[in-house]
Amino acid sequence: MPRIKLNGTLYDVPAQTSVAAALMNACFTARQSIEGEARGPLCGMGICFECRVTVDGIAYERGCQLQVRDGMEVTTDAA
Amino acid sequence: MNPDVLIVGGGIVGAACARAFLRQGMRVTIVERALIGGGATASGMGHVVVMDDSESQFALTHRSRDLWDELVPEMPVEVEFERRGTLWVAADEEELAAVSGKKAYYLERGVETELLDAKALYQAEPGLRAGMAGGFLVPGDSVIYAPCAANWLSEGATRVFGDVAEMGDGWVKLRNGDRLSAQVLICATGAWATELFPALPVKPRKGHLAITDRYPGAVHHQLIELGYLKSAHSHSTESVAFNVQPRKTGQLLIGSSRQYGVEDKAVEQHMVSKMLTRAVEYLPSIQKMSVIRLWTGFRAATPDKLPIVGLCPGLKQTYLATGHEGLGITTSLGSAELLLNLVSGQAGILHPADYGAERFAECRA
Amino acid sequence: MRHDTVIIGAGPGGLAAARAAKRIGKRVLLIDDNWGPGGQIWRGYSGLDIDGIDKRYSTQVSDLDLDCEQLILACGARELFLPFPGWTLPHVVGAGGLQALVKAGLKIQGKRVVVAGSGPLLLAVAANLSKAGAEVVLVAEQASWGSLVGFGVSLWRWPEKIIQAAGLATSRFRASVWPVSAEPGRVVMSDGQTLQCDYLACGFGLVPNLELAMLAGCKIESGFVSVDAMQETSVRGIYAVGELTGIGGVEKAEAEGEAAGSRTALRGNHGAFVELLRQCFALREELKSLAKPDTIVCRCEDVTLGKIAACSSKREAKLQTRCGMGACQGRICGSALEFLRGWPPDTVRQPVHPVSVQDLLKQKETANP
Ligand SMILES: Cc1cc2nc3c(=O)[nH]c(=O)nc-3n(C[C@H](O)[C@H](O)[C@H](O)COP(=O)(O)OP(=O)(O)OC[C@H]3O[C@@H](n4cnc5c(N)ncnc54)[C@H](O)[C@@H]3O)c2cc1C
Ligand SMILES: Cc1cc2nc3c(=O)[nH]c(=O)nc-3n(C[C@H](O)[C@H](O)[C@H](O)COP(=O)(O)OP(=O)(O)OC[C@H]3O[C@@H](n4cnc5c(N)ncnc54)[C@H](O)[C@@H]3O)c2cc1C
Ligand code: FES
C-alpha cells in the first residue's frame with residue numbers, strides 16, 4: 001500500500017486512490033480560494049480546478065487527476 | 001444635443017482623452033464598436049515604463065508616467081496599480097557596458113535609476129539564471145491592469161456602441177446610418193486607424209503573451225532583457241524578447257513577441273515556443289509553472305516608433321491619436337494631455353511637432 | 001508514428017470508435033486524461049482496454065496539432081453547476097463528481113448524502129452511492145413529476161442500472177425540489193426542509209466539453225457540435241461522437257462511435273431521445289434566482305454575482321471583474337452564466353486547459369520537428 005505524506009503526516013493509502021480522495025478521507029480540504037475560503041473537490045473529473053494542491057513541490061496539480069504514489073508528498077494551501 | 005468632444009475608440013487612448021476633456025467640464029461621448037478596453041488595451045501588459053529610443057519617446061513616456069503617478073490616489077483597486085520598477089537585465093558584460101551610460105542620461109532628465117552589479121541583481125531577483133552580468137533598475141516604473149483603467153478613465157463620458165464607417169471634419173457616420181458630430185472629434189481607433197484614414201503609416205504588429213497561475217513572490221520587478229531594445233525596435237518581421245511581469249494577483253505575465261505582416265489573431269505555436277524558450281533562458285523556475293492562458297494582440301506600429309497625435313492633416317476639428325505601438329498604456333495619458341493642449345491652444349511640456357501626422361510625407365499630401 | 005485515426009476521449013463513444021477503426025484496419029491512437037479507459041460512466045471498470053491500438057492515458061489534449069487523416073472527438077460532458085448560497089462549501093460536491101471521487105477511493109460508508117439537481121444521472125449516482133454504503137437521505141429532482149412522466153415511458157433507452165436505481169431510490173425521491181442554500185453540514189431545500197448531510201451531491205445536468213471542437217473551428221449549433229450522418233463535423237476529417245453532439249447516454253455514444261470509427265452512416269435514431277431528455281429535465285426559471293448578489297459565481301477568482309451585474313457579456317465580465325479568468329478557464333461559471341444570463345460561450349484558444357511552461361514547450365517541439 002503506498003505510503004504518502006499529507007500536510008506532513010504519513011498515511012497508508014490503497015493503490016488506485018486519487019490524491020483528492022485521499023485528502024478527503026483524511027479530512028483535509030484542498031485549495032484556499034483567493035479570498036481565503038477552504039475549497040474541496042467539486043467535479044471529480046479535472047474540470048473545476050478546486051482540488052489544486054502542491055504535489056512533490058509542484059504547485060497547482062489537480063488532486064482528482066492524480067493517483068497516489070509511494071513517497072508522494074502533498075500539501076494544501078491552508079497547511 | 002451634440003457633445004463637445006466625440007471620441008471614436010474606447011481603448012486606453014480614447015479613455016485617457018475622455019478624462020482629459022471631461023476634467024475641463026466638457027461633454028464627451030465615446031463611440032466604441034466592441035467593448036471599452038477590449039482592443040489592444042485588453043491584450044497588452046500594462047507596464048508603465050520610461051523608454052529612451054529617442055528624445056521624443058523619452059519625453060512622452062516620462063511625462064506620461066508622471067501623469068499616471070498623479071492619478072494614483074484616485075485609482076480604484078481594480079486598476080491594480082503597483083510600483084514594481086523595471087529591471088533591465090544585462091546577460092553579459094557587453095550589455096552591461098552598453099547600459100552604464102544611461103544612468104546620466106536619465107538623471108539629466110529627472111528619472112532616477114540604479115546600476116546593479118551581478119550581486120545586486122541576484123539580491124533583487126534571486127530567480128534569474130546564474131551568470132548574468134548585472135542590471136539597470138528604473139524604480140519609478142509601474143504596472144497597471146489596463147482594461148479596468150480604461151473603464152475608469154472614461155467614467156462620465158457617454159458611451160455609444162456603434163461602428164464608425166466614415167469620419168470627416170467634426171462628424172462621423174456609423175454603419176447603421178446614424179450621424180454624430182461635435183466641436184472636437186478624436187480618432188483613437190488604435191491598430192484599425194487605417195480603416196478610416198488609409199493614408200496613415202500605421203501597421204498592425206502582432207504580439208503574444210502568456211499568463212500563469214498565482215506564484216506570489218516569484219518575481220519582484222518587471223524584468224526585461226536589454227536585448228528587448230534591439231528586438232522592439234528592429235523592423236525585422238519576427239522577434240521575441242524576455243519580458244516578465246509580476247501582477248498584483250501573484251500571476252506572471254510572460255512576453256513578448258513582435259511580428260509584422262500577420263493579420264490572423266490565432267496563437268502561433270512557433271512564436272509561443274520561441275517566446276517561452278527565451279523566458280526560460282532567463283528565468284528557469286518558470287518551467288514548472290502552470291500557464292492558464294495564451295493570447296495575442298495587435299500594436300499599432302509607425303515607422304519611427306512614435307505615436308501619431310495631433311490634428312488630422314487638412315481638417316480643422318478632427319484629431320488623431322493612434323500609432324502607440326507597444327507603449328500605448330503608458331503614453332495614453334501624455335497623448336491626451338498633448339491633444340487637450342492643442343485644442344485649447346496651450347503650450348505644454350511636449351512638443352506637438354514631434355508627434356504630429358505631418359512628420360510623414362504620405363500624410364502631408 | 002503517424003496514426004490514421006486519433007481519438008480523444010476513452011468513454012463509451014471513444015472506445016466504440018477505436019474498436020471500429022481498428023476493425024477496418026486503421027492505425028489507431030486513443031487519448032484520455034484519466035488514468036484508464038471508461039470515461040465518466042465506466043470509470044474504473046476493468047476489461048475495457050483494447051489490444052492492438054496505441055493508447056495514451058493520463059494525457060490531456062490542450063491543443064490540436066495532430067497529424068492524422070481522421071480525428072474523432074469523444075470528449076464527453078461535464079456537470080452543470082449552478083451557484084446558490086453555500087455552493088462553494090467543501091461538503092458541496094458534484095453528483096457525478098462525488099461518484100467519481102468514490103470510484104477513486106473516497107470512503108462513503110455510512111456517510112449521509114443528499115443527491116440533488118437534475119437529470120437521470122441523479123438516480124444512477126444515488127444507486128451507486130447506496131451500493132457503496134452511503135446513506136442517501138434524499139434524491140431531489142428539480143423537474144416536476146409532470147415532465148418526468150414523459151421520461152418514464154422511455155426509460156428502457158437508458159441503461160438498466162438506472163431502472164434499478166429508480167426502483168431503489170424512489171422512496172427517497174422527490175420531484176420539484178431543489179437546494180436553495182447550504183451551510184456547513186447541511187442543506188436547505190426549496191420545500192423548506194433542512195437536512196443534515198456529510199455531502200450534498202449536486203449537479204443540474206450535463207454540458208458537452210466543446211472546447212477542442214471550438215478550437216478546431218467545428219460548427220456548433222444550439223450548444224452541440226453539428227455532424228453529418230457519418231459523424232463528420234463541418235471541418236473535414238474531424239468527427240464528433242457521444243455527448244458532444246447531444247446529451248443522450250451510452251447507447252447513443254456507442255452507436256456514434258461505431259459510425260465514426262467504421263466510417264459508415266449512423267444506425268438508429270437517437271435524436272428523439274436527446275430531445276426527450278432535454279424536455280423532461282428542462283431547468284426551471286426559479287433556479288435563476290438562487291444566487292444572490294453576494295453569492296460567488298466564479299469560484300477560481302471569487303467573483304460574486306453582484307460584481308458582474310453591470311456586464312453584458314462573458315468577455316466584458318472577464319475583462320472588468322476577472323470572472324472566468326481563472327484556472328478552469330470559465331468552464332464552471334461560464335456554463336452557469338449561459339443559463340443564468342443567456343451569455344453565449346466566449347471564444348476558445350489553446351491551451352484549452354492550463355499547461356506547464358515545460359509541457360507547452362515539449363508539445364511544441366513534437367508538433368514542429
Ligand atoms: C502583446 C502586447 C503587449 C503590450 N504591452 C504594453 C505594455 O506593457 N505597456 C504599454 O504601455 N503598452 C503595451 N502595449 C501596447 C498597448 O496595449 C497599446 O498601445 C494600447 O492599448 C493602444 O490603445 P488604443 O486605445 O490606441 O487602442 P485599442 O485598445 O485597440 O482601442 C481601440 C478601440 O477602437 C475601437 N474601434 C476601432 N475602430 C473602430 C470604429 N471604426 N468604430 C468604433 N470603434 C472602433 C476598437 O474596438 C478598440 O476598442 C502592448 C501591446 C501588445 C499587443
Ligand atoms: C460526471 C458524470 C458522471 C456520469 N455518470 C453516469 C452514470 O453513472 N450512469 C450513466 O448512465 N451515465 C452517466 N453519465 C453519462 C455518461 O457518461 C454518458 O452518457 C456517456 O458516457 C457518454 O460517453 P462519451 O464517450 O460521450 O463521453 P465520456 O464518457 O464523458 O468520455 C469522454 C472522455 O474524454 C476525456 N476527455 C475530454 N476532454 C479531453 C481532453 N482534452 N484530453 C484528453 N481526454 C479528454 C474525458 O476525461 C472522458 O474520459 C455521467 C456523466 C458525467 C459527466
Ligand atoms: S475536483 Fe474538479 S478538477 Fe479536481
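Keep in mind that this is a model prediction, so the values were computed, not measured.
Put simply, CD1 on A/Ile47 and CG on C/Asp33 are 7.5 Å apart, with the number rounded to the nearest 0.5 Å. Residue C/Asp302 holds its CG atom at 5.5 Å from CD of A/Glu37, rounded to the nearest 0.5 Å. How far NE2 of C/His91 is from OG1 of A/Thr29: 13.5 Å, rounded to the nearest 0.5 Å.
When every heavy atom of A/Arg52 is checked against every heavy atom of C/Cys300, the shortest pair comes out as NH2-SG, 4.3 Å. In plain terms, the two heavy atoms of C/Ala327 and A/Phe49 that are nearest each other are CB-CD2, 3.6 Å. Shown here for A/Gln65 and C/Trp35, the closest heavy-atom pair between the two residues is C-CZ3, 3.5 Å.
When heavy atoms are compared at a cutoff of 4.5 Å, C/Gln329 does not approach chain A at all. For C/Leu101, the parts lying under 4.5 angstrom from a heavy atom of chain A are both the backbone and the side chain. Heavy-atom distances place both the backbone and the side chain of A/Pro41 under 4.5 Å from chain C. For a residue to count as touching a neighbouring chain, one of its non-hydrogen atoms must lie under 4.5 Å from one of that chain's; by this rule C/Tyr57 does not touch chain A. Interface remark: A/Leu66 contributes backbone atoms only to the contact with chain C (heavy atom separation under 4.5 Å). Heavy atoms closer than 4.5 Å to chain A are found in the backbone of C/Val92, but not in its side chain.
Of residues 108-118 of chain C, no residue lies under 4.5 Å from chain A by any heavy-atom pair. The interface of residues 333-340 of chain C with chain A, defined by heavy-atom distances below 4.5 Å, is empty. Among the residues in residues 15-26 of chain A, those with a non-hydrogen atom closer than 4.5 angstrom to a non-hydrogen atom of chain C are A/Gln16, A/Thr17, A/Ser18, A/Ala20, A/Ala21, A/Met24, A/Asn25.
If you tally non-hydrogen atom pairs under 4.5 Å between each of C/Gly36, C/Ala201, C/Pro354, C/Cys202 and chain A, the highest count goes to C/Pro354. With respect to chain C, the highest number of heavy-atom pairs below 4.5 Å among A/Gly40, A/Cys43, A/Cys64, A/Ala38 belongs to A/Cys43. Per-residue heavy-atom pair counts under 4.5 Å with chain A were compared for C/Gly94, C/Ala100, C/Cys328, and the maximum is reached by C/Cys328.
Of the possible donor and acceptor atoms, none in the side chain of C/Arg299 sits under 3.5 Å from a partner among the backbone N and O of A/Cys48.
Residues C/Val93 and A/Glu50 have side chains not in contact (no heavy-atom distance under 4.5 Å, counting atoms from C-beta outward). Under the 4.5 Å side-chain criterion, counting only non-hydrogen atoms from C-beta, C/Arg43 is in contact with A/Met45.
Surrounding NZ of C/Lys55 are more than 12 heavy atoms belonging to other residues, nucleotides or ligands, all under 6.0 Å away.
Applying the salt bridge (charged side-chain N to carboxylate O under 4.0 Å, His left out) definition to pairs two or more places apart or across chains, those involving residues 196-213 of chain C are C/Arg78-C/Glu211, C/Glu211-C/Arg331.
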